[in-house]
Enquirer: 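One structure is given below, represented as structure tokens, and several questions about it will come after.
Protein chains get the first letters and strands the later ones, always in sequence-line order, with residue 1 at the start of each.
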There are 2 protein chains.
Amino acid sequence: MARVGIKDVAREAGVSTATVSLVLSGKTQARIPAATRERVHRVAAEIGYAPNSLARGLRTRRTHTIGLVSDQIATTPYAVRMIEAAQDVARERGFLLFLVNTGSDPAVERASIDALLAHQVDGLVYACMWHQVVEPPAGLPAGTVFLDARPSAGGFPAVVPDDHGGAVAAVRELVEQGHRQIGYLASDDHPRPIASRLRWEGYCEVLRGAGIEPDPQLVVRVPVATAAGGAQAAGVLLDLPRGHRPTALFCFNDRVAMGAYRAARHRGLEIPRDLSIVGFDDQDLVAAALDPPLTTVALPHYAMGRWAMETLLGLRDPPADDDVVLMPCPLVRRDSVAPPPA
Amino acid sequence: MARVGIKDVAREAGVSTATVSLVLSGKTQARIPAATRERVHRVAAEIGYAPNSLARGLRTRRTHTIGLVSDQIATTPYAVRMIEAAQDVARERGFLLFLVNTGSDPAVERASIDALLAHQVDGLVYACMWHQVVEPPAGLPAGTVFLDARPSAGGFPAVVPDDHGGAVAAVRELVEQGHRQIGYLASDDHPRPIASRLRWEGYCEVLRGAGIEPDPQLVVRVPVATAAGGAQAAGVLLDLPRGHRPTALFCFNDRVAMGAYRAARHRGLEIPRDLSIVGFDDQDLVAAALDPPLTTVALPHYAMGRWAMETLLGLRDPPADDDVVLMPCPLVRRDSVAPPPA
DNA sequence: GAACCCTGCTCAAACGGTTTACCAAGCTCT
DNA sequence: AGAGCTTGGTAAACCGTTTGAGCAGGGTTC
């Protein structure tokens, strides 16, 4: 059973393949009377014509496919929203998305990019699951969009979360409630130095703005940003002598905050009465599920994913060269912040 | 700057395009001496030849692409491991993966499948993010593999988690510790009737096997399977009069278990001393992060994803028609189970 | 009545590979 | 010497579509 092609339609409709092509691809400027158009459409439907995008792509040099290469896809669950967003935009515009997960292996990355280019993708998104600065692999086509990653030397459109701004909002929330002694549970996790540094800078900036000199004793690095690490790190801050102990904790992320909850509970501290906590990431699985629900800063994964695909498809003006777009990270107020105890 | 093609290589190497094709596609049975092969390869590398998979696919009728259409991708974070697994297998075999997220919209689903077929994918995976029985859309090519979904009328290879077996393992763990009054926090969430029913059946089976008649009072449906719902549902069981109150809780999933922890804590019950809890799903973000870490049943997302892609690519024998493969759900022992209080 | 312009198409050349059939030259065997 | 085999290739069709150039025939204009 041979596939039915444009020439079968042409034969059945008594026209040439050129006409069929003209009609089916909706070239309205071609001078084809409505009667013929209708006949072609009818025949095509009758005999079950299905187009072959390969042939079309070969001829037109546009495939309506986009490649998305990502370092990871499943490790940080909510980051997958970026991929969802990119896919949504692509689909809305009639594009199909090739998804590749390189596991951060440069050889795989190379091979994947080559395979995608061999498949004549119309564009590439280079995504990371955490905000990182990356050395772009050689041979990326111009116009490749960086998602949640900034190319070390610029030269590509890129979007990353505004970690600094998010931290400012978070810490300002605490300061406005009257806190003066605010601890920061920083990450020392391998791949996320920038995010932690930017958040720390935002933290310092707000404190200084409020006339508080950041106390180095109040920032502790958690070696691996999990609940266990957070519990331990929070512990050292909560065990500080009275008067030195922070009344609020700004946590590198929600998992660390989850650990901070545990540390507080073990010491009989009630949140937010005795201790205010704000997290980062808004992983709703943990942030909203904590008791009390955690005030945190949302990472704009969906917005970044959309932005990336939209600029790739030319639906919005790309930023000036070497300008990295900072996507706002909104504060999500829940119930873990209150004024400090008297 | 025209792309360099096979004919450029041919010209530079002083051979025909046929020879170049033969060499580059590694047809070892063709009688081409090593010297010529080497020359072709060298020239190709020198002038930066990059193959065009479209042209190749057009001719060979195989594109080395697979389409994966999924109802959702980001809602249940760890389910994305299925996609990762499928992608890993595809990549290992030199296949590229088209990812489509339909949002459960039949029109989008239709259009997406048509687009994938137009792109001449070599195969399709139809995936759901929760174990479901689905009415397959019309026009799915034979051999389409169902992932975490069973086609209502059979006819396609399919793999789903062995919810029943997982529940048996979970409840047996409790029974073996000596529990006799075991509550079940069931789900009434809209899209997951099968999973909850199968787990419930496993629960009943183990109890009966141990000579315990399941007590309808001890199963409570949580309308929406979140921590909040779980806390509420667990509360009704924990507030039962002494002697009727369960000593252990089997939870539909880890989020519900998280709520059960909270309900227990509010009532001054210590886990596992006063109450044993086992979850389901092994969402490590919550299961491993709870205090104490939660004993639960793992959903074999990665294994199912691999299985799906492997059978699609013909790397393993497909099951007999209408046979749905049940992937084992292993019990993950952590610290939330102990013998009942004396 | 010649020149020109519409209208409604068609022709055929791409696009970039793969593959089948065939060929020329040289050697071997009888 | 001629048949037959081996070696090292090549020619050309083919995959399914798009698209620029062109053409036949009728109507209009000057």
Enquirer: Roughly how far, to the nearest 0.5 Å, is CG of A:Asp162 from CG of A:Leu299?
Expert: 10.5 Å
Enquirer: Counting side-chain heavy atoms from CB outward, which of C:dG16, D:dT10, D:dG16 is closest to B:Val15?
Expert: D:dT10
Enquirer: Write down the distance between CG (A:Leu54) and C1' (D:dT17), rounded to a whole number of angstrom.
Expert: 11 Å
Enquirer: Would you kindly give the NZ-to-C1' distance between A:Lys7 and C:dC11, to the nearest whole Å?
Expert: 14 Å
Enquirer: Can you check whether A:Tyr49 has a side-chain N or O nearer than 4.0 Å to OP1 or OP2 of D:dG16?
Expert: no
Enquirer: Of the nucleotides C:dC15, D:dG16, C:dT18, which one has an atom closest to the side chain of A:Arg61?
Expert: C:dC15
Enquirer: Within less than 4.0 Å of OP1 or OP2 of C:dC9, is there a side-chain N or O belonging to A:Thr36?
Expert: yes
Enquirer: I want to verify a distance call: between C:dG17, C:dT10, D:dG16, whose nearest atom is closest to the A:Leu58 side chain?
Expert: D:dG16
Enquirer: Among C:dT10, D:dG9, D:dG16, which nucleotide has an atom closest to any side-chain atom of B:Pro33?
Expert: D:dG9
Enquirer: Is the shortest distance from a Lys or Arg side-chain nitrogen in B:Glu92 or B:Arg306 to a carboxylate oxygen in the other one below 4.0 Å?
Expert: yes
Enquirer: If only side-chain N and O atoms of B:Ser16 are considered, is one of them under 4.0 Å from the OP1 or OP2 phosphate oxygen of D:dA11?
Expert: no
Enquirer: Let me know the distance between CZ of A:Arg11 and P of D:dG16, rounded to the nearest Å.
Expert: 12 Å
Enquirer: For D:dT10, take OP1 and OP2 only and decide whether either is under 4.0 Å from a side-chain N or O of B:Thr19.
Expert: yes
Enquirer: For the CZ atom of A:Arg42 and the CD atom of A:Glu12, what is their distance to the nearest 0.5 Å?
Expert: 11.0 Å
Enquirer: Between D:dA13, C:dC15, D:dT17, which nucleotide gets closest to the side-chain atoms of B:Arg59?
Expert: D:dA13
Enquirer: Taking only the side-chain heavy atoms of A:Ala18 (C-beta and beyond), determine which of C:dG17, C:dT10, D:dT17 contains the nearest atom.
Expert: C:dT10
Enquirer: Roughly how far apart are A:Ser21 OG and A:Arg56 CZ, rounded to 0.5 Å?
Expert: 7.5 Å
Enquirer: Could you state the NZ-C1' distance from B:Lys27 to C:dT18, rounded to the nearest angstrom?
Expert: 8 Å
Enquirer: Find the distance between CZ (A:Arg3) and OH (A:Tyr49) and round it off to the nearest 0.5 Å.
Expert: 8.5 Å
Enquirer: What integer distance in Å separates A:Arg62:CZ from D:dT17:C1'?
Expert: 16 Å
Enquirer: Using 30° and 60° as the class boundaries, would you call the ring planes of A:Phe156 and A:Phe146 parallel, tilted or perpendicular?
Expert: tilted
Enquirer: On DNA chain D, compare the nucleotides closest to B:Arg39 and A:Asn52; which residue's is nearer the 5' end?
Expert: B:Arg39
Enquirer: Of the listed nucleotides (D:dT17, C:dG16, C:dT19), which one gets closest to any side-chain atom of B:Ser21?
Expert: C:dT19
Enquirer: What's the closest nucleotide to the A:Arg56 side chain, out of C:dT18, D:dT17, C:dG16?
Expert: D:dT17
Enquirer: Among the nucleotides D:dT19, D:dG16, D:dT7, which one has an atom lying closest to any side-chain atom of B:Arg31?
Expert: D:dT7
Enquirer: Is A:Ser53 touching bases, backbone alone, or none of the nucleic acid, heavy atoms closer than 4.0 Å?
Expert: nothing
Enquirer: For B:Ala50, answer base if it contacts any base atom (sugar-phosphate contacts may also be present), sugar-phosphate if it contacts only those atoms, and nothing otherwise; contact means non-hydrogen atoms under 4.0 Å.
Expert: sugar-phosphate
Enquirer: Touch check for A:Leu22, heavy atoms < 4.0 angstrom, all strands: base, sugar-phosphate only, or nothing?
Expert: base
